[in-house]
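Since the structure comes first, as structure tokens, the remarks are kept for the end.
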Amino acid sequence: MLPGTIERVADGELKDALASHLEETRDHVKRVEEAFRRAGAEPAAARSDALAGLHRQHESQQVTEQLLRDLLDATAAVRVEHLELGLYDPVLELARALDNDDCASLLAANRKEEEKALERVGRIAGRLRAELPR
Ligand SMILES: [Fe+2]
């Protein structure tokens, strides 16, 4: 989740979850770069059209009510974490198929944190959804 989104979130638990995961994501980048090096490849930044599309769609939502805004931010985080898990799975399978345990362990560590982040923001989204007026 982007720092600007974290700033505008009012729900303390969601803000903490997003900020913590942003820090984890910085570690993920380092692990992925290390996995590339261990595989003898040079890491390079690549833009994800899927992530960019999710972000564009999310930012186009014109919602001013704070609880609903937080719920939409939490839901967007859930979508992003699902996408990230889907990106890790085939690369992790490839590393394991190639018996590259060094790379696999780095990628598996990232995947585990993505999974935990998904569980956390999913739980928060559920709570926020339950708080919506009926
Ligand atoms: Fe993530």
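Both ligands and their constituent atoms are indexed starting at 1 by order of listing.
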Protein N/O/S atoms under 2.8 Å of the Fe ion (ligand 1)? His21 NE2, Glu81 OE1, Glu81 OE2, Glu84 OE1, Glu114 OE1
Let me see the working for His21 and Glu113 under side-chain hydrogen bond (donor to acceptor under 3.5 Å, both in side chains), right down to the final yes or no. CA-CA 8 Å; His21 194 54; Glu113 289 180 355; over 6 Å; no
Restricting to salt bridge (charged side-chain N to carboxylate O under 4.0 Å, His left out), what partner residues turn up for Asp16, sequence neighbours left out? Arg120
Please give me the minimum heavy-atom distance between Leu107 and Ala95, naming the atom from each residue. CD1-CB, 4.3 Å
Lys/Arg-Asp/Glu bridge criterion (N-O < 4.0 Å) met for Glu34, Arg37: yes
Side-chain donor or acceptor of Glu65 paired with backbone N/O of Leu67 under 3.5 Å: yes
Student check: side-chain heavy atoms of Arg129 and Thr75 closer than 4.5 Å: yes
